Amino acid sequence: MNYSNTVHFRSRLQPSVPVVNKISRLLFATMLVGTAGFNVTALADDHEPRPITAEDYYRTVALSDTQMSSDGSLIAFVKTTVAEDKQSRESNIWLSKNGQAPIQFTREKSDFSPIFFPDGERMLFLSGRDNGTALYQIATSGGEAQELLRLEQGSIRDVAIHPDGNALLLTISVDAEVENPLEKAEEAEASADVTVISDAVYKRQGGYLNANKIGLWHYDLTNETLTSLTGNTNYNEGSASYSPNGDCITFASNRHPQAADGYFSSSIFVRCDDEERELATPIGHASNPVWTGNHSIAYVYREDAYAAPDLQHYDLTIDAYQVLAEAMDHSPNGLQYAANALFFTTDDRGSRTLQSLDLNQGGYRYLGGRGVSLSDVAISQSGRLSWVEHNETNLPQVMSAASLAEFTAGETQKITTFNDALQAELDLAEYEVFQAENERGDILDVFFLRPISVQQGQSYPIILNIKGGPGGMWGHQWFQEMQLMRARGYAVVFTNYRGSSGYGQDFAEQVRLDYGGADYRDNIVALDAALARYTWLNNERVFITGGSHGGFLTNWATTQTDRFRAAVTQRSVSNWISEAGTQAFPPLSMIREFGGSIWDNYDYYWGRSPLKYANRVNTPTLIIHSDGDHITPIGQGEEWFFALKANNVPVELVVFANEGHGLSRNGKPINLVERLNRIIDWFDNYN
């Protein structure tokens, strides 16, 4: 189908009933001014909420990386906005003192990753100012930032500050052969533009991997000297931190002989006085080490890639570990230690909540966050908390609580108001959440948004929106896409199907070796439950979309049924055989995921590929893909386009240039907005 500019323009601007009513009132007011000279300010400025548009993304402020001084009196965070040209984003650091309204603390357009010195009187941050990223220092009382460290080779990934404030532990990505990242590389002679690949792990989202490895370096602030700790490594180190007394550091690294082949392994290391030892944790994947004292470390452990996680605790004095929480149904994120307890966020039935584990008791318990999503949680030594919070009707905001007791009691303080004006303009709706049962007896949460204006006696279309994954979770998060569909007159339904996180380990495992099975059936159960529950929905006007694994399921669904009037498939998989050979995951990863190699388990790879059944498809389909996608490479979209064209299905392929797999979250703003509009415009064409 020809994607007409006329259709595109008309469908994007068709107003819903509330907008029509407001326009009518304004026109009537204008008429009165013209004929009688009435003052109509009150009529025109009635503050009636309006439907959201894709272009509202340009005004949305993103908030991240909350940090607190040790006494809890200072909260720093990063504010990110869309640049005026709509091609990029600008970020700077803001500071709140004693819970007061924050002030803009840095003035450049690329400041990020703030971290307080132990005394709270200074702050470090990274910035792209002055032609290249460097590490800067600034007094928290104000003043000009001073460049502290600029590398001539490599890049700084992470920074930890020694407890005495006189040294830094830097995580630096640099070629393993570089002895001093502060020195310029020798000018190389002209050579062929060629990449030589020998490791199975050879690319990531963004392109081919270079020869850089991520190692640890010590920077002496007094002498301004940089020395290697594990810098000249053939492996990658991360999650590095100082012990409370500063005598030792801990970090995680995969040093398995098959690390370069993608072997699922990670170990915890401790380094004291230049002596390094690997902790005797169980064989598997131990990561995210956190000091709980000068001689003890907590960490997350998984026996294999698909196993439920444990929280384990290692006593360095006796060289032994204990299990604090075994086979957890909630996977811990952002693990940190304070007040003799571990804290972490986790997916939790559509919310992202805060949980804690008391080291004296074991087990873990819910603290708060149901109905919202919490991220970037910071807990000071004084017990004060700060975090970023949002849900489907509340745009991101930085929050604070004076203590854990006040947090659990819901006695919280809103620190930022950046998104308040936009939010007040918008007509937003909460999800209606109800339950449905699948064929196995699992109780699914079904999330539903009704259209912006439901009139009695009218019927309305519905979009089944399928999340990616299959891991991860959707729910109470700020997700403009859902509200936009509602604003354009569509009901929306989604569910966290089998394979998703937040519903327990058994639920997550059910999609193993059953792609297009359990995951597909759960989405159809959710759709049918919504159609049965809301009788004013039109079961002849049903649409489908999804991205990544949701794109695969969109393709798959249209090979299984003709019930969908139109489909939009995004960054999808159409052929698991070519996907396995071209994407960023190495053979070992695909063998784990598919129960063997292509040659061992060919029938499953091909039998669960939508391409095998493409001759069954009749659903008009829009394919959205990015030419820089290395998770589901562009060939997946192109193969699906070829197949539908060959079978005379109405189809269009929209390719976003220089974008990756994350277009819908972090693509160029102008491209992100264009994607949103094209999805709903396609549905409008067939509604």
Side-chain angles (χ1 to χ4, degrees), residues 1 436 444 446-449 451 459-470 474 479 481-482 484-486 488-500 515-532 534 537-574 608 610-611 613-614 616-625 632 636-637 640-641 643-644 647 649-654 664 675-687:
M1 170 173 281
L444 306 175
V446 182
F447 294 79
F448 180 81
L449 267 182
S459 65
Y460 295 87
I462 183 171
I463 299 171
L464 173 62
N465 199 345
I466 306 178
K467 74 171 192 66
W474 275 357
F479 196 23
E481 181 175 310
M482 303 293 193
L484 181 62
M485 291 171 174
R486 169 183 178 268
R488 294 277 288 266
Y490 296 85
V492 187
V493 65
F494 67 89
T495 191
N496 293 307
Y497 51 82
R498 276 172 284 181
S500 303
Y515 285 0
D519 44 5
Y520 168 67
R521 293 192 298 274
D522 283 0
N523 278 284
I524 297 302
V525 165
L527 173 61
D528 287 341
L531 289 168
Y534 304 99
L537 292 172
N538 189 331
N539 60 14
E540 298 295 323
R541 295 161 67 195
V542 180
F543 301 87
I544 186 171
T545 188
S548 198
H549 194 80
F552 154 71
L553 285 173
T554 297
N555 297 344
W556 183 262
T558 60
T559 70
Q560 306 298 303
T561 178
D562 287 337
R563 71 185 296 183
F564 298 105
R565 185 172 282 199
V568 179
T569 182
Q570 308 165 57
R571 59 195 183 280
S572 71
V573 172
S574 59
R608 299 305 174 99
L611 195 66
Y613 311 102
R616 300 178 182 177
V617 178
N618 295 302
T619 307
T621 300
L622 174 67
I623 303 167
I624 295 178
H625 228 101
T632 55
Q636 294 300 309
W640 196 236
F641 178 76
L644 299 192
N647 288 284
V649 178
V651 60
E652 286 185 5
L653 171 62
V654 174
S664 64
R675 167 193 165 271
L676 287 171
N677 278 318
R678 283 187 177 269
I679 292 170
I680 306 176
D681 288 348
W682 183 261
F683 292 150
D684 283 351
N685 290 338
Y686 292 93
N687 191 4

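Since the model is a prediction, treat every value here as computed from it, not as a measurement.
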Query - Test item: side-chain donor near acceptor, R571 and Q636, under 3.5 Å - result: no
Query - Parallel, tilted or perpendicular: rings of Y534 and F448 (30°, 60°) - result: parallel
Report task. Can you see which heavy atom on I623 is nearest to which on G637, and at what distance? Result -> CD1-O, 3.8 Å
Requested in this report: State yes or no: are the ring centers of W556 and Y515 separated by less than 6.0 Å?
Outcome: no
**Report entry** Beyond-backbone contact of M482 with W474, side-chain heavy atoms, under 4.5 angstrom
**Finding:** yes
Report task. Give a yes or no answer on whether the side chain of N647 reaches the backbone of V649 with a donor-acceptor pair at less than 3.5 Å. Result -> no
Query - Spatial distance of atom CZ (F447) from atom CZ (F479) [nearest 0.5 Å] - result: 13.0 Å
Query raised in the report: If you look at every heavy atom in Y686 and W682, which pair is closest and at what distance?
Result: CD1-O, 3.3 Å
Requested in this report: Go through the side-chain N and O atoms of S574 and N555 and say whether any donor and acceptor fall under 3.5 Å apart.
Outcome: no
Query raised in the report: Do the side chain of T559 and the main chain of Y613 share a donor and acceptor less than 3.5 angstrom apart?
Result: no
Query - 4.5 Å side-chain heavy-atom contact, I680 and L484 - result: yes
**Report entry** Interatomic distance, R488 atom CZ to I463 atom CD1 [nearest 0.5 angstrom]
**Finding:** 9.5 Å
Requested in this report: Run the numbers on I462 and V493 for side chain to side chain contact (heavy atoms under 4.5 Å, CB included), then give the verdict.
Outcome: CA-CA 7 Å; I462 183 171; V493 65; 3.8 Å; yes
Query raised in the report: Okay, side chain of R486, backbone of A491: is any donor-acceptor separation there less than 3.5 Å?
Result: no
Report task. Check whether any side-chain heavy atom of I544 sits under 4.5 Å from a side-chain heavy atom of I466, and report yes or no. Result -> yes
Query - Any side-chain heavy-atom pair of N523 and T495 under 4.5 Å - result: yes
Query raised in the report: Which pair of non-hydrogen atoms, one from T632 and one from S572, has the smallest distance, and what is that distance?
Result: CB-O, 3.5 Å
Report task. Describe, in one word, how the ring planes of F543 and Y490 are oriented to each other, choosing from parallel (under 30°), tilted (30 to 60°) and perpendicular (over 60°). Result -> perpendicular
Report summary line: One should read off an interatomic distance between L653 CG and H625 NE2, to the nearest 0.5 angstrom, of 9.0 Å
Query - T621 side chain to T619 backbone, donor-acceptor under 3.5 Å - result: yes
Report summary line: All heavy atoms of R675 vs all of S664, minimum pair found to be CZ-CB, 3.5 Å
Query raised in the report: Could K467 and Y497 be counted as a cation-pi pair, given that NZ or CZ must be under 6.0 Å from the ring centre and within 45° of the axis?
Result: yes
**Report entry** Minimal non-hydrogen separation, R541 against S459, with atom names
**Finding:** NH1-O, 3.3 Å
Requested in this report: Could you grab the distance from atom CE of M485 to atom CG of L676, nearest 0.5 Å is fine?
Outcome: 8.0 Å
Query - Min side-chain heavy-atom separation W640-V651 under 4.5 Å - result: no
Query raised in the report: Does a donor on one side chain and an acceptor on the other come within less than 3.5 Å for Y460 and N687?
Result: no
Query raised in the report: Which heavy-atom pair separates R616 from Q560 by the least distance, and what is that distance?
Result: NH1-NE2, 4.1 Å
Query raised in the report: Will you find, in the side chains of T545 and Q570, an N or O donor that is under 3.5 Å from an N or O acceptor?
Result: yes
Requested in this report: Apply the test salt bridge (Lys or Arg N to Asp or Glu O under 4.0 Å) to residues R678 and D684: give CA-CA distance (whole Å), side-chain angles for both, the deciding distance (0.1 Å), then the verdict.
Outcome: CA-CA 10 Å; R678 283 187 177 269; D684 283 351; over 6 Å; no
Report summary line: With sequence neighbours left out, the residues meeting salt bridge (Lys or Arg N to Asp or Glu O under 4.0 Å) with R563 are D528
Query raised in the report: Out of curiosity, I679 CD1 to I624 CD1, how far, rounded to the nearest 0.5 Å?
Result: 4.5 Å
Requested in this report: Inspect the contact between R498 and D522 and indicate whether a charged nitrogen and a carboxylate oxygen are less than 4.0 angstrom apart.
Outcome: yes
Query raised in the report: Do R565 and V542 pass the side chain to side chain contact (heavy atoms under 4.5 Å, CB included) test, and can you show the C-alpha distance, the side-chain angles, and the key distance before you say yes or no?
Result: CA-CA 6 Å; R565 185 172 282 199; V542 180; over 6 Å; no
Query raised in the report: With a 4.5 Å heavy-atom cut-off, do L644 and V617 have their side chains touching?
Result: yes
Query raised in the report: Within a strict 4.5 Å, meaning less than it, do heavy atoms of the L553 and D519 side chains meet?
Result: yes
